[in-house]
Amino acid sequence: MMRPRPDLTVHAREIAPFLLGSLLTSRVGGIPVTVRITEVEAYGGVGEDPGSHAFRRETPRNATMFGPPGRAYVYFTYGMHWCLNVVTGPTGSAGAVLLRAGEVVAGVDAARERRVSARSDRDLARGPACLTSALGVTGECDGLNLLGTRSLLRLVLAEPVEVEHVGVTARTGVGGQGAGTPWRFFLLGEPSVSPYRRAAR
DNA sequence: CGGCCGATCCACT
DNA sequence: GTGGATCGGCCGA
């Protein structure tokens with residue numbers, strides 16, 4: 001049995017597994033696409049987590065992380081990809097949970113149009129940049145309130161998943177200091193969970 | 001399935 | 001100037 005779900009003001013590593021199974025709906029582009037979250041990673045705040053964008057200090061890019069919990073922190077990476085986080089912890093603590101993968105449960109056709117290269121439906125939102133692509137999420141979504149009833153991007157939390165269905169590993173793509181922290185959580189047996197990749201040297 | 005590599009650009013040093 | 005919370009194509013097994 002998993003404990004009752006805390007709210008988003010607790011530390012990212014604590015709330016992260018409770019985001020598994022939640023439903024994220026995007027109305028970007030008009031046609032709603034909904035993803036059931038199957039994989040997440042927690043990131044900490046200033047001076048706490050070398051793998052986090054907020055590790056050093058607040059900057060223009062990571063400013064949203066320093067705002068209130070429940071907002072979308074969206075950033076651009078590798079010259080072409082967007083990634084989506086849920087800001088967590090007390091305001092100013094700069095924690096976040098990266099949404100890494102999900103199962104598209106509504107709007108499959110719209111998602112497929114954005115993810116032409118996806119071989120099968122399970123690949124539509126398999127990986128953090130695939131997930132944002134399937135949902136049409138870009139930097140314009142940075143700062144959106146995910147808990148707003150009529151938000152362009154809305155996150156609806158699910159009932160806690162049984163712990164025996166949750167896998168835990170170190171984070172993907174995070175090397176150096178902070179590589180060891182087991183802050184990646186995923187639903188066991190879900191085809192949409194991205195393959196684990198150790199960070200490149 | 002796993003490994004290698006290029007794409008492409010912005011934030012930060 | 002450097003390198004990244006990545007992906008997809010191509011290769012070999």
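Values in this document were obtained by computation on a predicted structure and should not be read as measured data. So that the names make sense, note that chain A is the first sequence line, chain B the second, and so on, each numbered from 1.
Using a 4.0 Å cut-off, no side-chain N or O of A:Arg115 falls inside it from OP1 or OP2 of C:dC7. Between A:Arg56 and B:dT13 there is a side-chain polar atom (N or O) within less than 4.0 angstrom of OP1 or OP2.
Residues that satisfy the side chain to side chain donor-acceptor pair (under 3.5 Å) test with A:Ser133, not counting sequence neighbours, are absent from this structure. Partners of A:Glu140 under the side chain to side chain contact (heavy atoms under 4.5 Å, CB included) rule, at least two apart in sequence or in another chain, are A:Thr138. Residues forming a side chain to side chain donor-acceptor pair (under 3.5 Å) with A:Thr9 (at least two apart in sequence, or on another chain): A:Asp7. Take A:His11 and apply the side chain to side chain donor-acceptor pair (under 3.5 Å) test, not counting sequence neighbours, and it matches A:Arg13, A:Glu48. Not counting sequence neighbours, the partners of A:Glu14 by the salt bridge (Lys or Arg N to Asp or Glu O under 4.0 Å) test are A:Arg3.
Within residues 64-86 of chain A, the residues having any heavy atom closer than 4.0 Å to DNA chain B are, in order of number, A:Phe76, A:Tyr78, A:Gly79, A:Met80. Contacts between residues 120-139 of chain A and DNA chain B, counted as heavy-atom distances below 4.0 Å, involve no residue at all.
Nucleic acid contact for A:Arg57: sugar-phosphate only, since backbone atoms but no base atoms lie under 4.0 Å from a heavy atom of the residue. Nucleic acid contact class of A:Arg119 (heavy atoms, under 4.0 Å, all strands): none.
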For residues 148-157 of chain A, please give each side-chain donor-acceptor pair under 3.5 Å, one per line with the distance, not counting sequence neighbours.
residue  : atom : partner  : partner atom : Å
A:Ser151 : OG   : A:Asn145 : O            : 2.9
A:Ser151 : OG   : A:Leu153 : N            : 3.3
A:Ser151 : OG   : A:Leu153 : O            : 2.9

Per-pair distances, 0.1 Å, donor-acceptor, side chain in residues 19-40 of chain A, under 3.5 Å, sequence neighbours excluded:
residue : atom : partner  : partner atom : Å
A:Ser22 : OG   : A:Leu19  : O            : 2.6
A:Thr25 : OG1  : A:Thr34  : OG1          : 2.8
A:Ser26 : OG   : A:Val28  : N            : 3.2
A:Ser26 : OG   : A:Leu135 : O            : 2.7
A:Arg36 : NH1  : A:Glu103 : OE1          : 2.8
A:Arg36 : NH1  : A:Glu190 : OE2          : 3.3
A:Arg36 : NH2  : A:Glu190 : OE2          : 3.3
A:Thr38 : OG1  : A:Ala101 : O            : 3.4
A:Thr38 : OG1  : A:Ser192 : OG           : 2.9
A:Glu39 : OE1  : A:Ser194 : N            : 2.8
A:Glu39 : OE1  : A:Ser194 : OG           : 2.8
A:Glu39 : OE2  : A:Arg100 : NE           : 2.8
A:Glu39 : OE2  : A:Arg184 : NE           : 2.8
A:Glu39 : OE2  : A:Arg184 : NH2          : 3.1
A:Glu39 : OE2  : A:Ser194 : OG           : 3.0

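Under 3.5 Å, the side chain of A:His53 and the base of B:dA11 form no donor-acceptor pair of N or O atoms.
To the nearest angstrom, P of C:dG4 lies 15 Å from CZ of A:Phe55. Straight-line distance from the CG atom of A:Asn62 to the P atom of B:dT13: 10 Å, rounded to whole Å.
Listed by first and then second residue, the salt bridge (Lys or Arg N to Asp or Glu O under 4.0 Å) pairs involving residues 64-84 of chain A amount to none (not counting sequence neighbours).
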Intra- and interstrand pairs of DNA chain B - dot-bracket, Watson-Crick/G-U under 3.5 Å, | marks other strand: |||||||.||||.
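A cation-pi arrangement, defined by a distance under 6.0 Å to the six-membered ring centre and an angle within 45 degrees of its axis, is present between A:Arg171 and A:Tyr43.
Linking Ile, Leu, Val, Met, Phe, Trp and Tyr residues whenever their side-chain heavy atoms come within less than 4.5 Å places A:Phe66 and A:Val87 in a single cluster.
Other cluster members for A:Phe186: A:Leu188, A:Val193, joined by side-chain heavy-atom distances under 4.5 Å among Ile, Leu, Val, Met, Phe, Trp and Tyr.
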